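Worth saying up front: this structure is predicted, and the values here are computed from it rather than measured.
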Amino acid sequence: MKKSIAIVEDEPFIIEALTFLLENEGFGVSAISDGAEAINFIIKSKPDLVILDIMLPNVSGMKILEDVRAIDEISHLPVLMLTAKGQKKDRRAAEDAGVSKFMTKPFDNEELIKHVKLMINS
Amino acid sequence: MAGALLGTRIRENRKALRLTQKDLAKVAGISASYLNLIEHNRRGIAGKTLNTIARALSVEPSELSDGMNQALVDRLKSAAIRNKQIKTEGDRIEEFTARFPGFARLIARQSDQINIRDEEFTILSDQLKHDPYFAEAMHLLLSNITTIRSTADILAKNKKIPLETSNRFIDNLANEALKLSKTAEDIFDYFEPTSEKQVTTLDLSPFEVLLEKNKFYLDDLENNQRTVDEILTPLQLSSEDYLKTKNSLNAYAEMARNLPINLFLEVAEKHSFDAIALAKHFNSDILSICFRLAHLPNKSNIPKFGIIQCDASGAVLYRKQLNSFSLPRYGGACPLWPVYRSLSQPLQPIRAMLDMPMGDRFHTISFAYPTEVAQIGMPALTEAVMLFTPDYIMLPKISHAQTPQLAVGLQCTVCSRRECSSRRASYLLDNE
């Protein structure tokens, strides 16, 4: 059965590129842009991995990460944070909130796929 | 010892300028042989001769005499202290200064300049770090670049992409490249305030963009040609922006209803656009009148008004700037502006003429007002507005004759009033 990935990202063209890359590797992909709806979306879609941006409309990706870790049924999910906010304090805040992997934009496609595979298979 | 080296300093300065003793002696009005004695410290000089030689050598007389030389020595000592990691011959600084005054000045000046640059770099770096506009612009840039890099990589490495998909990716690339150049232009405009392109969208709310595009006068709302909803619909805003913009447009519409433009202009002309007189005439609060005056049609017979509204911390809540009076986006404005003084005198309008360093003059009315009913034991929250116009000649003559004149600036870094006691940052052009 296909492993599935949920993308929470507000830039449609980045979603499109990520979707192509991940589907090309055989993953099922779903995406949402609005931070306010992200948690319900993750609960419903029950993905194997979440790719999460920080700067999102309405609710920050950091808050979403905290919520993911606080809700029992999804708290185990690996979360890859993919963000333009690459400062040390952002990375540290994400680590404190329980991020599994922190990557900054712009990213290298192959590097991203490598980490996604590692995270999903572990 | 230093006094005995006056002649040595003259000689070194002369050699640095590649002048012969004969050349310098001629300019100084003395004989070459007498100059030779001076340079070898066998004759002392002072007064007119010293001044003439100093002028010929393009230095201050005191630089040749001990006092200024001591100042130069002190500057070199400071340079050595600032660079402790380099071992210097501290006990020979005076000798070095006397023997090589040109190099001594060069080192002192470069050290001072490096010091100023370091401070300037710290200030600018701090400003950039805390500038929300710049942070947002960089985020946009990185998002654009991310899409372009990732999409281009997909196209380059996947030769068997379906035509429809590859065409879509190529369109995405084109769109992102366009956005990237727009963002880059906006950033350029941000650092180039004199650019003709006044409307940048990055740091403005949709309502502010709408106002800028319509030169701060919404004809449709003024004349009931379109409703707030009819203006909002084509803007295609997110739900958050929609609500904010709707509230702002409703506030504008309320102003237009309470002070209808045709009646207001008729009365305003009679009172020469004086905010205080208009408040009395309309039995209205000064705040409403200030906002009405800042949103009038752009016609030559109507003075141009700008406005700034801030809270008690000085943070800007609303602004309409004029080309000749640009308002800093985030803090850092001149603390001498009367709008800040008005915060300590709520409900008391302050009239003042502002004299800018470059000669521009503005008539201003500042007014602070409580934003809620004060509670016992709690400070009243206060906001303030400052209405300003360069067209003070169109206002009542009596007002600017009886109005205090204030020498102010826009912000320290672009203000040439070097002696200002309120200065908190260096004037950027002073670094040379």
Side-chain angles (χ1 to χ4, degrees), chain A residues 5 7-27 29 31-38 51-62 80-91 102-116, chain B residues 125-126 128-180 182-183 187 202 205-206 236-244:
Chain A
I5 295 172
I7 300 170
V8 187
E9 164 68 64
D10 62 332
E11 287 296 327
F13 295 157
I14 295 180
I15 291 177
E16 210 166 327
L18 283 172
T19 303
F20 178 89
L21 282 170
L22 296 167
E23 285 181 347
N24 214 25
E25 296 294 329
F27 298 112
V29 180
I32 190 161
S33 301
D34 190 340
E37 295 167 21
I51 295 180
L52 183 61
D53 188 11
I54 292 183
M55 292 176 80
L56 293 163
N58 301 321
V59 174
S60 152
M62 213 62 91
L80 190 160
M81 203 151 239
L82 192 58
T83 176
K85 285 174 74 68
Q87 289 177 299
K88 271 185 194 164
K89 64 179 172 63
D90 300 310
R91 187 181 289 267
F102 189 93
M103 287 184 76
T104 53
K105 295 174 182 172
F107 55 85
D108 179 83
N109 290 350
E110 288 173 14
E111 186 80 3
L112 178 85
I113 295 297
K114 186 181 88 184
H115 285 295
V116 165
Chain B
S125 165
D126 191 55
L128 282 180
K129 269 186 207 164
H130 296 99
D131 186 335
Y133 167 85
F134 194 67
E136 171 66 15
M138 290 314 291
H139 177 249
L140 279 176
L141 269 185
L142 283 170
S143 288
N144 293 148
I145 292 166
T146 301
T147 303
I148 290 171
R149 177 175 173 184
S150 194
T151 308
D153 194 53
I154 288 171
L155 287 170
K157 291 181 180 163
N158 295 273
K159 302 297 180 197
K160 293 178 183 169
I161 301 179
L163 185 63
E164 190 189 336
T165 308
S166 69
N167 282 344
R168 205 171 62 243
F169 278 146
I170 289 167
D171 283 347
N172 291 355
L173 277 180
N175 277 323
E176 283 300 294
L178 204 63
K179 277 200 249 172
L180 182 64
K182 173 75 175 67
T183 309
I187 292 173
L202 274 171
S205 69
Q236 296 186 326
L237 301 171
S238 68
S239 52
E240 190 185 359
D241 278 346
Y242 180 89
L243 282 178
K244 282 185 187 168

Next item on the list: Let me know if A/E11 has heavy atoms under 4.5 Å from chain B in its side chain, its backbone, both or neither.
Entry: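 The answer is the side chain of A/E11.
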Check: Quick one: what part of A/N24 sits under 4.5 Å from any heavy atom of chain B, side chain, backbone, both or neither?
Finding: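 Interface part for A/N24: side chain.
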Minimal non-hydrogen separation, [X] against [Y], with atom names:
| X | Y | result |
| --- | --- | --- |
| A/K105 | B/L142 | O-CD2, 3.8 Å |
| A/P106 | B/T146 | CA-OG1, 3.3 Å |
| A/F13 | B/E176 | CD1-OE2, 3.0 Å |

Check: For the candidates B/T147, B/D153, B/N158, B/N175, which exhibits the highest count of non-hydrogen atom pairs separated by less than 4.5 Å from chain A?
Finding: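 Winner by heavy-atom pair count: B/T147.
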Item checked: Residue pair B/T165 / A/F20, side-chain heavy-atom distance below 4.5 Å ->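 B/T165 vs A/F20: side chains touch.
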Margin query: So for B/L141, is it side chain, backbone, both, or neither that comes closer than 4.5 Å to the heavy atoms of chain A?
Written below: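 Looking at B/L141, nothing touches chain A.
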Item checked: Straight-line distance of B/S150 OG to A/I14 CD1, nearest 0.5 Å ->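 Between B/S150 OG and A/I14 CD1, I get 8.0 Å after rounding to 0.5 Å.
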Notebook entry, point to check: Has B/E164 got more than 12 heavy atoms of other residues, nucleotides or ligands less than 6.0 Å from its CD?
Noted result: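 Open: at most 12 neighbouring heavy atoms sit under 6.0 Å from CD of B/E164.
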Next item on the list: Determine whether more than 12 heavy atoms belonging to other residues, nucleotides or ligands lie under 6.0 Å from atom NZ of B/K244.
Entry: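 Counting neighbours around NZ of B/K244, 12 or fewer heavy atoms of other residues, nucleotides or ligands fall under 6.0 Å, so no.
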